[in-house]
Amino acid sequence: MNPDLAFLVEVLVGGLLSGVMYALVAIGFVLIYKTSGVLNFAQGAMLLFAALTFVSLTERGVPFAGAFAATLGVMALLGLAIERAVLRPLVNQPPITLFMATLGVAYVIEGAAQLAWGTQVHGLDLGIDDTPIDIAGILVSRFDLFAAAVAGLMVAVLSLFFRYTRTGLAFRAVADDPLAALNTGLRLPRIWAAVWIASGIVALVAGLLWGARLGVQFSLSLVVLKALPVLVLGGFDSILGAIVAGLIVGAVEKLSEVYLGPVIGSGIEGWIAYVAALGFLLLKPSGLFGLRSVERV
Amino acid sequence: MPSPKPRLRAALATGAALFVLAGAARADEQHFPLQSYRVGPYAAGGTGFFGGFIDYLNLINTRDGGVNGVKLTWSEGETQYEVERGVEVYERLKSRPGIAAWNPLSVGIAYAMIDRITKDKVPLITINHGRTDSTDGRVFPYVFPLLLNPYSETSGIVEYLGSREGGLDKLKGKTIAVLYHGSPYGKETIPIYELLAKKHGFTVEQIEVPHPGNEQQSQWLTIRRLKPDYVVLRGWGVMNPVALKTAQKTGFPANRIVGNVWSNSEEDVIPAGEAAKGYVAITTQASGAEYPVLKDIIKTVYDGNAGNLADKKRIGSVYHNLGIVNGILNVEAVRAAQAKFGQRTLTGDEVRWGFEHLRLDEARVAALGAKGLFHSIAVTCANHEGDGRVTFQQWDGAKWSVVSDWIAPDWATLRPIIEASSATYAKEHGITPRNCAAEEAATHAAATP
């Protein structure tokens with residue numbers, strides 16, 4: 001293959017695989033937003049808390065499976081506690097109030113994580129070799145391929161869950177019209193609690209993959225910044241949108257940095273995704289796959 | 001039953017006595033206010049550095065009874081590495097009596113304090129970091145970037161790469177990529193790498209990583225295409241392990257990556273796991289606990305349950321040892337100042353004089369139990385960095401090992417640039433540079449009977 005073309009493909013593949021990692025974080029946001037209309041800013045802190053809990057348990061000699069199960073339990077409890085102690089008392093409050101509440105929750109979780117597990121950084125080895133695979137002169141990361149497979153699996157499971165299970169259908173009903181769902185006998189508090197637990201579990205999966213990539217440390221909570229343009233682009237309420245937008249954002253970032261960077265200055269990938277998302281917002285405010293909100297007046 | 005009046009008199013007398021005693025106690029204390037960061041994103045570095053600093057102050061108090069009988073005290077204010085909090089802590093603690101020096105270990109906080117400490121006449125210590133031009137003590141009388149400023153660090157790294165190639169002349173025709181943090185800190189050395197590249201005939205490619213640096217795929221693919229001989233990592237925080245991991249993903253060998261002074265700790269390599277094996281980084285102080293001063297700290301402070309680190313496994317880590325070296329330099333500056341001004345609580349301005357006369361040669365460093373921990377320092381009125389030497393350490397997956405001699409940066413090349421920058425600062429701020437020769441002459445004249 002022509003070296004320049006091979007390089008372009010390598011940058012593109014790297015970008016797409018990075019985008020999958022962004023989508024993993026974005027899915028956690030989508031789950032909550034889809035069912036309760038809350039933009040959960042604490043998702044990054046939940047991700048940090050999950051990874052820190054898991055790695056701290058393994059470092060104390062708990063086997064991988066045991067640590068995973070225990071962290072799963074902790075995250076389920078955390079999700080439940082947030083819903084019960086913060087969101088439920090604020091039900092029917094304006095969205096900005098709920099958003100500010102999750103902002104506060106983020107700080108509380110970050111502080112609690114350091115209080116409980118200390119401030120040290122940790123390495124996290126999931127047992128996946130991160131040496132690159134050479135495919136026709138193009139290097140592809142094994143770890144990123146694994147992460148992409150996990151993300152794909154998660155999307156498939158969540159899609160099946162929403163489409164075919166009773167609870168999943170209830171989630172969709174609540175998302176479509178909470179009052180109508182209430183009238184049909186659905187118990188909203190129970191559904192919201194379930195979705196917060198699911199969000200905690202998604203945070204655990206994303207936390208482990210991001211933790212293995214960055215190390216488990218405080219800055220793990222900053223990966224939410226990578227998810228925000230993905231949400232704008234894909235729509236806040238679409239899991240498929242999160243994946244597609246993640247791929248687009250990853251590719252735009254990497255291609256821009258490599259090919260536009262030398263022209264307009266390097267370091268542009270920190271903001272170029274936001275430019276793309278803002279531009280898209282002007283054209284389609286609900287995002288690629290987001291539901292258009294129509295109100296009868 | 002005694003009448004109320006004698007009781008009142010007794011109470012007043014006791015109060016007065018206590019007040020005098022308290023005053024006397026304060027007179028024998030030298031205070032170090034600490035703008036520490038024990039929580040937040042950079043807590044791992046903060047707990048290590050401030051832990052080491054406090055451990056050394058504790059050692060001096062417990063083992064020696066203070067500096068010539070003057071007890072060392074400290075108080076902490078949490079900054080979370082945020083500039084506004086750092087300034088708030090400064091304003092809150094600056095009225096404490098007997099402040100010797102400020103040691104924030106934060107570029108941002110240090111920059112915000114320069115005007116304040118200059119007005120308040122108290123030294124600001126920015127060991128291994130801070131404004132490069134504050135090396136010129138004629139313009140920055142109260143700021144001390146001890147041991148290493150960013151320009152010296154750059155030169156030290158180039159000197160080391162030259163030594164790996166068999167001489168600086170062998171760098172001609174080589175390519176060095178510099179991967180820098182997208183911040184004023186990261187960008188500060190861009191012109192110096194350009195200057196040294198021109199001087200030694202190598203090509204330099206400088207690539208920015210946006211803050212915080214948790215995604216570097218495109219930068220390392222660019223590096224892969226450039227095929228440099230070495231990559232210099234000028235990172236901070238999460239950027240460092242991500243760089244090492246992404247280097248592995250793109251097939252760049254770790255032993256050809258050289259980290260700067262803020263990419264050289266255990267916290268930078270442990271999260272990278274296997275990818276960090278073979279990685280090399282610059283340092284002004286060796287890690288490990290085999291030095292006599294470390295052994296003293298373990299025996300005197302930690303065995304007495306007074307150690308500052310919660311996890312004893314971190315004793316001798318990079319940040320802990322940096323804190324200990326910082327402690328040595330602060331304490332020896334106080335000692336130098338006491339030799340001139342008397343064995344009592346000193347003012348900040350007197351301690352500044354002590355820092356400007358901080359001369360620790362290899363023999364004195366050995367006497368302090370720090371032979372091999374750091375090399376030497378010789379601070380003067382004009383040179384607030386003090387000609388510190390650097391060495392290089394390599395990570396083997398579990399610990400750092402020193403892999404070079406102590407290297408002297410090319411100060412002669414750097415000094416004119418520093419003076420040009422400090423002259424600009426002086427002009428902008430209406431500062432008349434000090435006449436160091438005249439000040440020294442006056443000091444000698446006063447000391448001569």
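This one's a predicted model, so the numbers in the text were calculated from it and none came from an experiment. Below, each value reflects all heavy atoms present in this structure, side chains not excepted, and no hydrogens, waters or symmetry copies.
- At distances below 3.5 Å, not a single donor-acceptor pair connects side-chain atoms of B:Gln80 with backbone N or O atoms of B:Pro41.
- The part of A:Asp4 that comes within reach of chain B is its side chain, from C-beta onward, which places non-hydrogen atoms under 4.5 angstrom from that chain.
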Open item on the list: With side-chain hydrogen bond (donor to acceptor under 3.5 Å, both in side chains) as the criterion, how do B:Ser183 and B:Trp236 come out once you've worked through the C-alpha distance, each side chain's angles and the decisive distance to 0.1 Å?
Closed with: CA-CA 10 Å; B:Ser183 63; B:Trp236 176 236; over 6 Å; no
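- Judged by distance alone, with hydrogens and angles left aside, the side-chain atoms of B:Arg314 form no donor-acceptor pair with the main-chain N or O of B:Thr47 at under 3.5 Å.
- Looking at B:Tyr302, its side chain does come within 3.5 Å of a backbone N or O of B:Leu309 through a donor-acceptor pair.
- The stretch residues 259-266 of chain B places none of its residues near chain A, where near means some heavy atom under 4.5 Å from a heavy atom of that chain.
- Neither the backbone nor the side chain of B:Val209 comes within less than 4.5 Å of any heavy atom in chain A.
- The side-chain heavy atoms of B:Asn255 and B:Lys277, taken from C-beta on, include no pair separated by under 4.5 Å.
- Tested against B:Asn240 for a side-chain contact (heavy atoms from CB on, under 4.5 Å), the candidates B:Ile257, B:Val269, B:Leu233 yield a single pass: B:Leu233.
- A distance-only check finds no donor-acceptor pair linking the side chain of B:His320 to the backbone of B:Val318 [under 3.5 Å].
- The candidate from B:Glu267, B:His211, B:Glu274, B:Glu215 with the greatest count of non-hydrogen atom pairs under 4.5 Å with chain A is B:Glu215.
- Both the sub-6.0 Å distance and the 45° axial angle are satisfied by B:Arg234 relative to the ring of B:Tyr185.
- At a threshold of 4.5 Å between non-hydrogen side-chain atoms, the residues B:Tyr319 and B:Ile324 do not count as touching.
- Both the backbone and the side chain of A:Asp130 come within contact range of chain B, each with at least one heavy atom under 4.5 Å from a heavy atom of that chain.
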TODO: Decide yes or no on side chain to side chain contact (heavy atoms under 4.5 Å, CB included) for A:Leu145 and A:Ile133, but give the supporting numbers first.
DONE: CA-CA 10 Å; A:Leu145 285 176; A:Ile133 308 169; 3.9 Å; yes
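- Residue contact with chain B, scored on non-hydrogen atoms closer than 4.5 Å, is absent for A:Tyr107.
- Among the candidates B:Gln248, B:Lys249, B:Gln206, the residue making the largest number of heavy-atom pairs closer than 4.5 Å to chain A is B:Lys249.
- Proximity to chain B involves both the backbone and the side chain of A:Glu10, based on heavy atoms less than 4.5 angstrom apart.
- Within residues 216-232 of chain B, the residues having any heavy atom closer than 4.5 Å to a heavy atom of chain A are B:Gln217, B:Ser218, B:Gln219, B:Leu221, B:Thr222, B:Arg224, B:Arg225, listed by residue number.
- Residue contact with chain B, scored on non-hydrogen atoms closer than 4.5 Å, involves the side chain of A:Asp144 exclusively.
- Residues A:Thr119 and B:Arg38 form no side-chain contact, since every pair of their non-hydrogen atoms from C-beta on lies 4.5 Å or further apart.
- Between A:Phe54 and A:Phe64, a ring centre-to-centre spacing shorter than 6.0 Å is recorded.
- There is a side-chain donor-acceptor pair under 3.5 Å between A:His122 and A:Glu59.
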Task: Test log, rule side-chain hydrogen bond (donor to acceptor under 3.5 Å, both in side chains), inputs A:Ser199 and A:Gln43 - done: CA-CA 8 Å; A:Ser199 167; A:Gln43 192 65 26; 3.0 Å; yes
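- A:Trp271 does not touch chain B: none of its heavy atoms, backbone or side chain, sits under 4.5 Å away.
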